[in-house]
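Below: one structure, written as structure tokens.
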Amino acid sequence: MVNVFWFRRDLRLEDNAGLYHALHAGLPVQCIFIFDKNIIAELKEDDPRISFIYEQLKSLQEQLKAKSSSIKVLYGNPQQAFKTVLKDYKVHGVYTNHDFEPYAKIRDDQVARLLRKSDIQLHTFKDHVIFEKSEVVKSDGLPYTVFTPYKRKWLEVLNSNGEGSKSKYFRSFPSIKFNNYNKTKHRMPSLKKIGFVPTKISFPSKTVSQNIIKSYDKNRDYPALNGTSKLGIHFRFGTISIREKARKAILLNETYLSELIWRDFYAQIMYHFPHVVGSAFRAKYDKIPWRDNKKEFKAWCEGKTGYPLVDAGMRELNATGHMHNRVRMVTASFLTKHLLMDWRKGEAYFAEKLLDFDLASNNGGWQWASGSGTDAAPYFRIFNPSSQLKKFDKDLIYVKQWVPEYGTEAYPEPIVDHKEARERCLATYKAALNDAL
Ligand SMILES: Cc1cc2nc3c(=O)[nH]c(=O)nc-3n(C[C@H](O)[C@H](O)[C@H](O)COP(=O)(O)OP(=O)(O)OC[C@H]3O[C@@H](n4cnc5c(N)ncnc54)[C@H](O)[C@@H]3O)c2cc1C
């Protein structure tokens with residue numbers, strides 16, 4: 001008899017809540033991972049995130065081997081995969097960590113139902129965030145929709161159980177020995193077998209110099225500086241522990257901690273307001289008559305808008321799978337305000353390209369930029385891409401890195417005039433929002 005631990009967005013052995021509970025339950029533990037056909041069938045064959053997951057699984061396999069254990073990697077529909085697991089093992093319980101994305105909730109319900117038929121329980125745990133569900137809500141029990149009071153309450157709840165880095169919410173789960181269950185070498189299906197080829201993109205390290213975090217508040221807004229952690233992909237796939245990083249952040253840099261709180265904020269928004277996936281948080285913003293100009297959208301995607309900061313950002317994204325946060329804001333604002341195109345189009349493009357793509361944070365960022373989201377700046381505040389450039393890359397170091405032809409004849413003319421685009425945006429938003437009242 002075994003307990004099964006199902007890895008998903010938590011690809012690490014240390015400080016993993018669900019794995020800790022599985023090992024703590026006494027029985028031998030068999031780890032599994034499922035390459036879910038429903039998700040990966042839609043991805044391009046060289047999607048770097050699949051290569052990333054694959055590398056992490058190989059590393060987990062090695063680490064588990066050293067503990068005389070193993071991970072079984074399956075490929076297919078999760079319910080089908082569990083039928084195979086139930087054939088191969090006498091399973092007592094299945095352990096895993098929460099995932100509140102809409103598809104994940106349906107998948108987990110279906111798997112739980114399947115397991116129940118065999119009297120097996122699906123045990124799930126919080127691991128991906130510091131606070132989830134309704135752990136941080138207003139005094140009347142309603143969820144926060146504005147960041148600053150959310151953050152205040154977040155810190156209050158954190159400190160209610162030990163001050164600062166000593167808070168119990170930051171505590172790591174202790175390591176528990178694997179009891180030598182399974183020495184069978186489970187062969188992983190090859191990347192090719194699941195329909196992918198290795199990526200050429202390289203991944204940011206999960207070790208970050210303390211100086212970057214210590215100077216985060218001073219440097220984070222300048223894309224030419226190496227001023228942010230680039231840990232997004234590791235937070236996304238759980239190759240690092242949020243508890244460990246937040247515990248360090250509170251000691252090193254309050255602004256950095258704030259960014260981690262934004263991550264919790266958007267996760268709880270998606271949990272409490274699942275309609276944000278696909279619709280505007282504020283319904284009336286769905287009345288905006290978005291333009292659909294394929295040529296302009298293509299120019300935006302390729303970084304050929306004639307606005308250097310926008311173009312540098314898009315080219316960085318296309319080449320590396322990363323884009324600096326300041327530039328994400330500028331490019332998203334440009335698409336939704338200057339080009340007046342539906343934020344969902346930009347959201348989908350980022351989802352396809354970002355190594356750190358996370359449904360809740362990406363959706364939050366896009367709705368913020370278009371003005372339709374929680375806590376968004378009022379629609380009449382429109383980023384001026386040229387002043388943003390002067391402020392945040394005045395020496396054109398970032399721009400020259402990604403747009404080497406900037407300043408030459410080869411660089412395109414702006415596809416829209418800033419002043420005209422701004423006025424068109426204000427008029428369109430105003431009319432649509434007034435009509436919707
Ligand atoms: C339009 C748009 C789309 C975005 N899409 C995503 C996305 O798909 N996935 C994603 O993780 N972040 C997203 N962000 C937030 C932010 O841009 C990235 O988290 C950050 O740039 C990642 O770089 P980093 O790892 O160096 O972050 P750092 O600046 O070093 O921050 C550390 C971590 O804090 C979290 N974080 C930072 N800023 C935010 C934020 N505003 N909202 C939520 N979490 C944050 C991330 O996990 C990040 O890795 C988006 C922002 C915008 C404006």
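Here the structure is a predicted model, which means the values were calculated and not measured.
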[X]-[Y] side chain donor-acceptor pair, cut-off 3.5 Å:
| X | Y | value |
| --- | --- | --- |
| Asp15 | Ser241 | yes |
| Ser370 | Tyr285 | no |
| Thr428 | Arg291 | no |
| Glu302 | Asn318 | no |
| Tyr169 | Glu135 | no |
| Glu254 | Ser258 | no |
| Tyr103 | Asp36 | yes |
| Thr305 | Asp311 | yes |

Would you mind checking if [Y] and [X] are paired as a salt bridge, meaning a charged N to carboxylate O distance below 4.0 Å?
| X | Y | value |
| --- | --- | --- |
| Asp358 | Arg263 | no |
| Asp342 | Arg344 | yes |
| Glu101 | Arg8 | no |
| Glu55 | Lys58 | yes |

Validation row: [X], [Y] side chains within 4.5 angstrom (heavy atoms):
| X | Y | result |
| --- | --- | --- |
| Asn325 | Thr228 | no |
| Phe170 | Leu158 | yes |
| Ser51 | Ile201 | no |
| Trp366 | Leu335 | yes |
| Arg326 | Phe383 | yes |

Donor-acceptor check, side chain of [X] to backbone of [Y], threshold 3.5 angstrom: yes or no?
| X | Y | answer |
| --- | --- | --- |
| Asn159 | Gly164 | yes |
| Trp154 | Trp262 | no |
| Asp375 | Phe147 | yes |
| His272 | Lys133 | yes |
| Glu42 | Ile39 | no |
| Ser190 | Lys193 | yes |

Legend entry - Aromatic centroids of His234 and Phe52 separated by under 6.0 Å: yes
Legend entry - Within the 6.0 Å centroid threshold, strictly below: Trp6 and Phe82: yes
Legend entry - Any residue meeting ring-ring contact (aromatic ring centres under 6.0 Å, His included) with Phe357, in chain and number order, not counting sequence neighbours: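 Phe357: no ring-ring contact (aromatic ring centres under 6.0 Å, His included) contacts found.
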Legend entry - Residues forming a ring-ring contact (aromatic ring centres under 6.0 Å, His included) with His338, sequence neighbours excluded: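 By the ring-ring contact (aromatic ring centres under 6.0 Å, His included) rule, His338 matches Phe334, His418.
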Inset, instruction - Quickly, which of Lys105, Arg107, Arg236 forms a salt bridge (Lys or Arg N to Asp or Glu O under 4.0 Å) with Asp99? Name it, please. - result: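 Going through the options one by one, the only one that passes is Arg107.
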Inset, instruction - Carefully, step by step, assess Tyr144 and Lys151 under the rule side-chain contact (heavy atoms from CB on, under 4.5 Å). - result: CA-CA 9 Å; Tyr144 285 100; Lys151 177 181 163 184; over 6 Å; no
Look at atom [atom1] of [X] and say whether more than 12 heavy atoms of other residues, nucleotides or ligands are closer to it than 6.0 Å.
| X | atom1 | answer |
| --- | --- | --- |
| Lys345 | NZ | yes |
| Gln110 | CD | yes |
| Lys138 | NZ | yes |
| His92 | NE2 | no |
| His275 | NE2 | yes |
| Lys153 | NZ | yes |

Legend entry - Audit row: Arg328, Asp356, salt bridge (Lys or Arg N to Asp or Glu O under 4.0 Å) steps and yes/no: CA-CA 13 Å; Arg328 288 188 206 199; Asp356 64 23; 2.9 Å; yes
Legend entry - Atom pair CD1/CG of Ile261 and Leu155 - distance to nearest 0.5 Å: 4.5 Å
Inset, instruction - Using the test side-chain contact (heavy atoms from CB on, under 4.5 Å), find all partners of Tyr222 that sit at least two apart in sequence or belong to another chain. - result: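 Applying side-chain contact (heavy atoms from CB on, under 4.5 Å) to Tyr222 gives Leu225, Phe392.
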Legend entry - Sole candidate of His21, His98, Arg12 that passes side chain to side chain donor-acceptor pair (under 3.5 Å) when paired with Asp127: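 That would be Arg12; it is the only one of His21, His98, Arg12 passing the side chain to side chain donor-acceptor pair (under 3.5 Å) with Asp127.
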